[in-house]
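Atoms considered below: every heavy atom in the structure, side chains included; atoms not considered: hydrogens, waters and symmetry mates. Note that the structure is predicted; figures quoted are calculated from it, not measured.
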Amino acid sequence: MGEVLLVAAFALTALMATAVVLTRDPVRQAIVLSGYGLSLGVLFVTLQAPDVAMAQLAVGTVMVPLMVMLAVAAIRRHQRKDGP
Amino acid sequence: MIAATLVMLAGALLPCLLATVRGKPVDRLVGLVAAGPVAALVLLLLAAAYGRSAYLDVALIAALLSFAGSLVYARFLGRTL
Amino acid sequence: MLSPVELAIAVPFLAAMVLAGAGRWLPRVVVDAVAMGATLAVTGLLGAVLWEAVRYGTVVVWVGGWRPHGGVSTGIPLVADPFATALALVVAVLTVAALLFSWRYFTEVQAVFHTLMLLFLGAMCAFALTGDLFDAFVFFELMSAVAYVLTGYRADEARSVHGGLNFGVVNSLAAYLSLTGIALLYGRTGELGFAAVGEQIRAAGGPDTGVRVAFALVCTGFLVKAAAVPFHFWLADAHAVAPTPVCVLFSGIMVELGVYAVARTYWTVLGGAEETTARALAVFGGTTMLLGGVMCLLQRHIKRLLAYSTVSHVGLLVTCVALARADALAGGAFYLIGHAGVKGALFVGAGALLNRFETVDEHELRGRGRDMRVTSCLFLLGGLALAGLPPGGMWLGKVLAEHAAPHGWWWLTVLGVLASGLTGGAVLRVWLRVFRGAGRRPAGQAGEREAGETAAPTPRVPWLMLAPGLLLLAGGLLVAVLLSGPEVLRGARTFTTGYAGTVLHGRPSLAHAGRLPELWTASALVKGLAGVTAALAVAALAVWGRRVPPAARARPVWSALHTLHSGHVGDYVAWLLAGIVLFTLLVIV
Amino acid sequence: MNAVRGLRLCLLAAGSLGFAVLFTLAVLDLPPFGGNFHPYGDRAVRASLLRGTPNTVSSVNFDQRSLDTLGEELILVASALGAVVLLRAVRREEEDEPARHHLGPADVFDALRVTGYPLLPVTVLVGVYIVAHGQLSPGGGFQGGVVLGTALHLLYLTGDYPALARIRPVPLFEVGETAAAAVFVVLALAFAGQVIASNVAVGVEVGCAFVLVLAKFFEQALLIRVPA
Amino acid sequence: MAWAAYLVAGWILLAGIYGIVTSRNLVHVVVCLSVAQSATYLLLLSVGFRQGATAPVFSDIRPGRRVVDPVVQAMTLTDVVVGATVTALLLALAVQVAKRRGTVDPDALRTLER
């Protein structure tokens with residue numbers, strides 16, 4: 001049973017990682033990235049690494065998304081109006 | 001207990017996360033907002049399944065911070081920063 | 001009580017923290033003094049450690065006192081063998097020169113520049129001295145993170161931040177690939193120390209395919225730092241835009257530390273002298289020598305030109321590692337130190353031009369440097385030294401490498417002359433155009449203006465800026481005379497033998513000194529003069545030889561080369577991946 | 001342009017294929033997943049229990065391999081400095097006063113504010129707990145430090161930027177960050193084994209560093225503008 | 001199938017690299033780089049995993065229980081921090097590229113060579 005859980009957690013993580021890469025718009029990608037962070041947290045606990053899971057959740061839920069969104073906001077302010 | 005965790009993982013967390021990978025940003029955000037507490041619940045069940053009360057801290061962090069995390073997007077998708 | 005080795009790491013970091021915390025309230029002169037004081041202290045400490053290592057053998061310090069029992073430990077060793085310590089000392093000396101150059105002139109944001117330089121110094125020393133694979137990764141990342149910031153330091157210049165971003169993405173990815181290799185090695189051996197991993201692999205009967213792939217992954221991470229072709233794309237983008245004192249460190253030692261790490265991993269993990277690995281390193285080293293030289297000659301942006309010349313010279317260092325012999329490594333050491341001095345001096349010269357004229361475009365500057373006698377001297381002597389003028393360290397290093405090469409390696413001599421001719425020729429061409437006003441003004445659009453690094457252009461270049469250049473140049477030209485050849489050879493032998501025994505079992509490490517081949521022979525001098533002659537010919541052809549038929553016919557090749565160096569981060573990463581596969585294939589098949 | 005893109009994709013395809021094969025080869029030579037061969041890990045557990053640190057991960061991080069953690073903390077310092085250098089207002093850019101941006105509570109739903117403000121002290125408490133218990137239970141200076149840094153930004157997320165800017169004097173955080181890092185340099189090299197003290201130093205450092213980095217991002221996103 | 005866990009790490013690494021190479025947005029590049037890095041977390045923790053063992057935290061269990069490798073966990077922890085900081089630095093550089101060049105599309109950025 002424990003192995004099934006591991007397989008499920010690995011599969012979920014691989015799926016979400018692929019989804020993050022394939023999402024091209026930064027705003028949408030950031031949301032998927034947050035989801036990926038959650039799935040990594042769950043996987044790390046199933047791999048018996050609560051310390052790492054906690055670090056991943058702490059960084060991945062607020063810090064990195066906030067940085068990405070602030071960067072996107074800053075870039076929008078400066079991008080050329082006629083730009084692509 | 002592990003079976004219950006598995007059910008939560010496949011039956012609740014997976015759909016929530018799937019919701020984050022499609023649609024407009026707001027639709028995705030709904031999935032993420034739901035996924036936070038579900039992930040905390042999964043972590044809670046895992047702590048029980050492995051019989052380790054030490055793992056509960058992880059669930060605590062997930063529950064606490066995932067709310068703040070969804071606020072990030074709520075702010076940015078709203079009218080102003 | 002901390003040992004001198006630990007102090008050499010602690011001092012720059014503590015000084016950096018003082019400047020980072022209190023920098024906004026300290027007057028500029030205090031900031032300069034603290035940074036310089038800390039760097040001089042590190043130089044002194046490392047000098048003492050080097051003396052001890054050369055005299056009594058490798059100094060091994062286990063951080064936190066986690067000494068090994070029965071050949072195993074849970075801690076991290078700092079291994080100060082003569083080579084590692086000498087490299088750290090080169091870092092410290094170059095940092096002194098860089099700080100002198102920027103003394104009171106470099107425009108400032110608080111004390112951030114000095115803090116970053118000190119962090120850079122500490123990170124490179126720790127990287128050179130550590131005896132642990134994962135610790136090497138951590139300090140590699142610290143060194144890289146500081147380097148990205150220093151590259152983008154002039155954040156108001158588009159080229160700076162663009163170059164910094166390319167540098168950051170490529171190097172970070174390389175570090176993660178290295179870490180992947182480290183994880184694979186850990187899975188195989190269950191150990192992280194260089195020595196412990198090597199012992200496990202030897203105990204298991206030598207490396208198999210899995211270990212070789214892991215080794216290749218670790219090495220490609222370091223080869224990206226070393227800018228071996230095709231991992232070299234980031235280097236010119238970063239060097240062309242980084243502030244001058246930073247370039248001195250980048251070209252002089254950071255890139256070379258990548259080669260050092262490859263050599264360290266090669267000897268400790270695989271035991272050195274693997275035929276397949278030697279072939280892989282030789283292929284990459286040779287290609288790097290040639291392409292770097294060609295790209296160097298094609299540039300008109302002087303800092304970019306110097307950056308590509310570094311690529312070419314690193315190729316020879318990689319080839320020295322491929323030769324896998326102590327005398328070749330001794331040659332590599334001479335070459336590295338000679339190059340560090342000469343290239344540092346040339347970047348100082350380029351910085352002097354930039355601060356006076358606000359451009360380093362060769363065509364823009366044509367004839368404008370006539371009254372800059374010292375800078376002119378730097379470029380002339382620097383160009384000749386790059387081409388291998390005896391008794392420079394680069395001449396000696398190349399002679400030793402060629403002497404150590406076995407029969408099938410005739411190409412090394414050919415490439416050696418070519419690389420000398422192209423890189424030295426390019427610098428001599430700059431000297432002719434900028435300082436002698438030679439040749440006609442070539443057609444083509446005007447170069448881009450750049451902001452100088454001083455608050456206002458400096459009509460007379462101050463002595464404090466040029467002095468470090470002169471000292472470095474003198475050092476680079478006199479290495480062969482200043483350093484004792486037998487001791488360098490002894491260092492090389494210590495590097496290649498007995499590492500695990502010294503680190504894990506406390507066995508003495510001192511190899512016997514041995515003798516270098518006779519240097520002042522006619523053939524060695526002829527080799528040096530051949531490089532110089534080639535450089536002079538290339539420079540003369542480039543300036544006066546209009547419409548040389550072969551050059552005109554090859555124009556599509558040049559423009560294709562320019563297109564390849566596109567500044568597109570996706571291209572760079574694609575090349576990185578392909579290069580890794582090629583290198584790994586060469587290592588395992 | 002298209003030729004270049006084609007070349008790029010070809011390289012990528014060839015590289016990916018080759019890498020997949022080589023990586024699989026390497027992986028097949030590893031011991032199978034979940035195996036029992038962990039000599040270093042076993043030694044680390046024994047050493048940690050001998051030193052009386054129940055959380056062996058903390059013991060490895062702050063005692064046995066403290067040099068790694070030292071490098072990691074300095075990377076954080078470097079990135080905070082990097083944010084200062086890279087995201088400063090340069091030349092003709094102007095920086096607004098934070099107070100001018102009254103993008104205040106009016107734009108956040110009341111429900112969010114009612115839930116968010118009470119969360120602030122709770123989060124601070126949890127952060128302190130995670131730092132303080134780092135040597136006993138999962139967690140430690142890094143995790144707790146990030147939680148503390150996050151707590152501060154709840155003020156912005158549920159309220160307004162001026163409120164955040166008021167309780168975040170940048171020089172003070174700089175001093176706190178570098179002092180904590182300096183303390184950790186000394187602890188890691190000279191007094192390895194002080195796991196509790198190391199946790200506190202790292203906690204302060206990480207919290208301050210993340211606040212500083214985000215402060216610079218906020219300035220770029222909200223305050224700095226290029227006059228037309 | 002005992003090696004599948006490692007292969008997942010390889011897949012994620014390649015996915016991240018694919019994202020970087022084909023990206024049209026520098027922010028996307030940086031996020032893909034962090035995905036590629038997360039492959040190293042997976043690989044490290046998988047290498048240190050031990051069947052039927054629990055976390056090496058002896059607060060609520062007795063010494064003597066089978067535990068997984070703490071060294072890889074410490075390494076991964078360091079790696080997570082490094083990843084977050086590198087992401088911050090590269091995002092800062094991307095913001096400045098957008099300001100100086102007016103675009104974040106790598107295809108539209110001019111070459112640095114001349």
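- In this structure, CG on C:L165 lies 10.5 Å from CG on D:L86, to the nearest 0.5 angstrom.
- Taken to the nearest 0.5 Å, the CD1 atom of C:I580 stands 10.0 Å off from the CG atom of D:L22.
- Residue with the most contacts toward chain D among C:L19, C:D135, C:T584, C:T189: C:D135 (heavy-atom pairs, distance under 4.5 Å).
- Using a 4.5 Å cut-off between heavy atoms, C:A145 contacts chain D through its side chain alone, with no backbone atom that close.
- Of all the heavy atoms in C:V63 and D:L189, the pair that sits closest is CG1-CD2, 4.1 Å.
- When heavy atoms are compared at a cutoff of 4.5 Å, C:I588 approaches chain D solely by way of its side chain, counted from C-beta outward.
- Interface check for chain C: of the options D:A182, D:G193, D:A190, the most heavy-atom pairs under 4.5 Å are formed by D:A182.
- Counting heavy atoms from C-beta outward, D:F19 and C:L217 have side chains that approach closer than 4.5 Å.
- Looking at C:L150, there are no atoms closer than 4.5 Å to chain D (heavy atoms on both sides), in backbone or side chain.
- With chain D as partner, the option from C:V18, C:I9, C:L119 having the largest number of non-hydrogen pairs under 4.5 angstrom is C:L119.
- Within the 4.5 angstrom heavy-atom criterion, atoms from both the backbone and the side chain of D:D63 approach chain C.
- Using a 4.5 Å cut-off between heavy atoms, C:W62 does not touch chain D at all.
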**Study point:** Pair C:V213-D:D29, side-chain contact (heavy atoms from CB on, under 4.5 Å): steps then yes or no
**Key:** CA-CA 10 Å; C:V213 173; D:D29 274 348; over 6 Å; no

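- Looking at C:S144, there are no atoms closer than 4.5 Å to chain D (heavy atoms on both sides), in backbone or side chain.
- Between chain C and the residues D:V185, D:L70, D:L30, D:V175, the largest count of heavy-atom pairs under 4.5 Å involves D:L30.
- For a residue to count as touching a neighbouring chain, one of its non-hydrogen atoms must lie under 4.5 Å from one of that chain's; by this rule C:Y186 touches chain D with the side chain only.
- Contacts between D:T69 and chain C at a heavy-atom distance below 4.5 Å are absent for every atom of the residue.
- Contacts of D:A83 with chain C are absent, with no heavy-atom separation under 4.5 Å from either backbone or side chain.
- Heavy-atom pairs under 4.5 Å with chain D were tallied for C:L582, C:L585, C:L192; the largest tally goes to C:L192.
- Inter-residue side-chain proximity for C:L577 and D:L12 is flagged as met; some heavy-atom pair is nearer than 4.5 Å.
- The shortest distance between side-chain heavy atoms of D:V170 and C:R24 falls below 4.5 Å.
- In this structure, D:L11 and C:A578 approach most closely via the heavy-atom pair CD2-CB, 3.6 Å.
- Among C:D208, C:V138, C:D571, the residue with the largest count of heavy-atom pairs under 4.5 Å with chain D is C:D571.
- Minimum heavy-atom separation, C:A574 to D:R8: CB-O, 3.9 Å.
- Using a 4.5 Å cut-off between heavy atoms, D:L7 contacts chain C through its side chain alone, with no backbone atom that close.
- The distance from the NE2 atom of C:H69 to the CZ atom of D:R43 is 11.0 Å, given to the nearest 0.5 Å.
- A pairwise comparison of heavy atoms in C:R188 and D:F37 identifies O-CE2, 3.4 Å as the closest pair.
- Ranked by heavy-atom pairs under 4.5 Å with chain C, the first of D:S66, D:A181, D:A26 is D:A26.
- Nearest heavy atom pair, residue C:G21 against residue D:T178, reads CA-OG1, 3.2 Å.
- Separation of atoms CG (C:L184) and CZ (D:F23) is listed at 5.5 Å; rounding is to 0.5 Å.
- With chain D as the partner, the residue from C:L564, C:T563, C:V72, C:L7 showing the most heavy-atom pairs under 4.5 Å is C:V72.
- C:L14 is listed as a side-chain neighbour of D:V186, based on a closest heavy-atom distance under 4.5 Å.
- The distance from atom OG1 of C:T209 to atom CG of D:L25, rounded to the nearest 0.5 Å, is 6.5 Å.
- Atom-to-atom distance recorded for D:L74:CG and C:L142:CG is 5.5 Å, nearest 0.5 angstrom.
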Review point. side-chain contact (heavy atoms from CB on, under 4.5 Å) between D:L81 and C:V149: does it pass, once the steps are laid out?
Key: CA-CA 8 Å; D:L81 287 169; C:V149 181; 5.8 Å; no

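- The choice from C:V573, C:L2, C:V211 that makes the most heavy-atom pairs within less than 4.5 Å of chain D is C:L2.
- Counting heavy atoms of neighbouring residues, nucleotides and ligands inside a 6.0 Å radius, atom CD1 of D:I196 does not exceed 12 of them.
- For a residue to count as touching a neighbouring chain, one of its non-hydrogen atoms must lie under 4.5 Å from one of that chain's; by this rule C:L177 touches chain D with the side chain only.
- Across all their heavy atoms, C:D132 and D:R65 have their closest contact at OD1-NH2, 2.7 Å.
- Proximity to chain D is absent for every atom of C:L576, based on heavy atoms less than 4.5 angstrom apart.
- For C:F134, the parts lying under 4.5 angstrom from a heavy atom of chain D are both the backbone and the side chain.
- Contact count versus chain C (heavy atoms, under 4.5 Å) is highest, among D:A44, D:A14, D:G71, for D:G71.
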